[in-house]
Amino acid sequence: MRTEAMLKGSAKTAPERNSGTTRRTLAGKVIFHLKRDRLLYLMLIPVLAYYVIFVYKPMGGLVIAFQDYSLFKGIRGSEWVWFENFERFFQSPYFFRNLKNTIMMNLTQTLIAFPAPIILALMLNEVKSYGYKRIIQTLTYLPYFVSVVVVAGIVTNFLAPTNGLINIILDKLGFEKVYFLTLPEMFRPVYILSFDIWQNIGIGAIIYIAALAGINPELYEAASIDGAGRWRKIWSISLPGILPTVLVLLLLNISNFIEVGHEAIILLYQPVTYETADVFSTYAYRTGLSQGNYDLGAAVGLFTNTVGFVLVVIANWISRRFAGNGLW
């Protein structure tokens with residue numbers, strides 16, 4: 001009987017001893033890695049501090065979206081109105097206009113601007129001359145380092161109605177001069193071509209060129225032996241090889257689907273083009289900062305970011321379900 005009791009006691013305490021040993025082992029591993037990689041963790045501190053101070057800490061200011069915020073009373077002194085700012089936003093006559101413009105702008109970017117770096121990378125991958133390839137690649141990604149303000153100034157000067165280069169060419173060809181930036185139907189093409197394609201096509205292609213470099217060259221050699229042409233190699237080897245990269249970048253693009261970069265739009269649009277140019281981000285800027293309605297601007301920003309988060313979660317689930325690859 002005593003022996004059975006001892007065995008039962010030892011059987012009960014065995015899991016406890018194992019869990020305690022596991023905890024000590026994990027703690028020892030953590031301490032070991034902290035000591036071994038202490039310099040790397042020290043280098044990580046400024047990055048973490050940046051995100052804590054400038055990214056996560058300001059998120060506390062989102063509470064003004066639920067307040068009748070007064071700049072003089074501050075967050076603590078302002079009255080709580082909960083969802084009244086969101087009701088004002090949804091009932092605004094500009095809500096559906098901004099929703100349509102945001103969706104149309106992002107659909108145009110996804111259908112036209114998103115494939116452009118992929119096509120450029122595939123074209124450069126087929127170039128055999130290394131020097132020519134480097135020159136083209138350098139010329140295409142240099143605009144990325146130009147300020148958005150400078151690019152907007154270049155676009156404005158090129159499309160100027162009197163002395164702009166485009167209108168000078170149209171005049172020489174016998175056509176009437178056009179003030180492109182005052183035509184609502186021309187705003188999206190001008191924005192997509194100048195910012196999403198001309199400025200970002202080169203930097204986007206670098207990612208796909210790196211993905212193409214990781215494809216095994218023996219696959220191309222085997223395809224050549226089997227008689228495959230250049231187009232067949234691109235379709236059967238190059239595109240499947242960069243498909244995981246394309247899916248990840250597409251998911252990141254979908255996360256910003258409801259939010260268009262407002263800097264370039266603000267620099268180019270004007271009241272006459274609000275019909276097609278005004279989106280959620282520019283509306284939040286105009287109402288929040290220009291008109292001083294900080295609570296309404298915060299509500300618009302919170303709405304767009306929440307919708308973006310939901311979209312990226314859904315897109316990631318679809319990608320993992322059907323393609324087996326995603327952000328997480």
Side-chain angles (χ1 to χ4, degrees), residues 51 55 98-125 137 140-141 143-146 148 151-152 187-214 234 238-269 276-285 300-328:
Y51 277 96
V55 178
N98 294 337
L99 178 63
K100 182 191 73 172
N101 292 340
T102 302
I103 293 175
M104 291 300 298
M105 188 76 75
N106 278 286
L107 282 177
T108 308
Q109 289 175 335
T110 304
L111 296 176
I112 298 177
F114 182 78
I118 302 175
I119 297 172
L120 177 62
L122 293 172
M123 293 172 63
L124 291 176
N125 190 55
Q137 189 174 348
T140 52
Y141 78 69
Y144 177 78
F145 300 99
V146 180
V148 175
V151 175
F187 184 85
R188 291 193 195 110
V190 169
Y191 175 83
I192 298 295
L193 290 174
S194 56
F195 291 95
D196 288 329
I197 295 182
W198 180 74
Q199 189 179 26
N200 294 310
I201 187 173
I203 198 68
I206 291 177
I207 302 174
Y208 298 111
I209 291 173
L212 288 168
I234 293 174
S238 299
L239 282 176
I242 64 174
L243 184 59
T245 305
V246 173
L247 289 176
V248 169
L249 293 178
L250 181 60
L251 289 175
L252 294 174
N253 189 63
I254 290 176
S255 67
N256 295 322
F257 191 81
I258 203 70
E259 183 178 1
V260 185
H262 62 279
E263 299 93 345
I265 296 179
I266 290 173
L267 292 169
L268 288 181
Y269 82 159
T276 58
D278 195 24
V279 294
F280 284 134
S281 55
T282 57
Y283 178 74
Y285 169 83
V300 176
L302 181 58
F303 166 76
T304 56
N305 283 280
T306 303
V307 173
F309 174 75
V310 173
L311 286 176
V312 75
V313 170
I314 295 174
N316 185 76
W317 179 83
I318 295 174
S319 177
R320 293 193 64 86
R321 172 87 179 194
F322 296 100
N325 188 40
L327 288 176
W328 64 84

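The shortest non-hydrogen separation linking P244 to G241 is CD-O, 3.9 Å. Closest of all the heavy-atom pairs between I192 and A113 is CG2-CB, 4.3 Å. The shortest non-hydrogen separation linking A284 to V300 is CB-CG1, 3.8 Å. Nearest heavy-atom pair across L239 and I118 is CD2-CG2, 4.5 Å. When all heavy atoms are compared, the tightest approach of M105 to T276 is CE-O, 4.5 Å.
Remark: side-chain polar atoms of N253 are not paired, donor with acceptor, to backbone N or O of L249 under 3.5 angstrom. Listed for the N125 side chain is no donor-acceptor partner under 3.5 Å among the backbone atoms of A121.
In this structure, Y141 and F145 have perpendicular ring planes: the angle between them is above 60°, well past the 30° mark.
With sequence neighbours left out, the side-chain hydrogen bond (donor to acceptor under 3.5 Å, both in side chains) criterion links S238 to Y220. With sequence neighbours excluded, no residue forms a side-chain hydrogen bond (donor to acceptor under 3.5 Å, both in side chains) with T306. When the side-chain hydrogen bond (donor to acceptor under 3.5 Å, both in side chains) test is applied to T282, the partners found at least two apart in sequence or on another chain are D278. In this structure Y285 satisfies the side-chain contact (heavy atoms from CB on, under 4.5 Å) test together with I266, L289, S290, sequence neighbours excluded. With sequence neighbours left out, the side-chain contact (heavy atoms from CB on, under 4.5 Å) criterion links V310 to I314.
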Run the ring-ring contact (aromatic ring centres under 6.0 Å, His included) check on F303 and F280 step by step: do they pass? CA-CA 9 Å; F303 166 76; F280 284 134; 5.8 Å; yes
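Residues L212 and L122 form a side-chain contact, since some pair of their non-hydrogen atoms from C-beta on lies under 4.5 Å apart. A heavy-atom distance below 4.5 Å is found between the side chains of L250 and T110. Using a 4.5 Å cut-off on side-chain heavy atoms (C-beta onward), R188 and N101 make contact.
Taking CG of L193 as the reference point, atom OG1 of T108 lies at 10.5 Å (rounded to 0.5 Å). Taken to the nearest 0.5 Å, the CG atom of N106 stands 10.5 Å off from the CG atom of L111. The CD1 atom of I103 lies 7.0 Å from the CG atom of L107; values are rounded to the nearest 0.5 Å.
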Check residues 197-211 and write down every donor-acceptor pair under 3.5 Å in which the side-chain atom is one partner and the other belongs to a residue at least two apart or another chain.
residue : atom : partner : partner atom : Å
Q199    : NE2  : V146    : O            : 2.9
N200    : ND2  : F195    : O            : 2.8

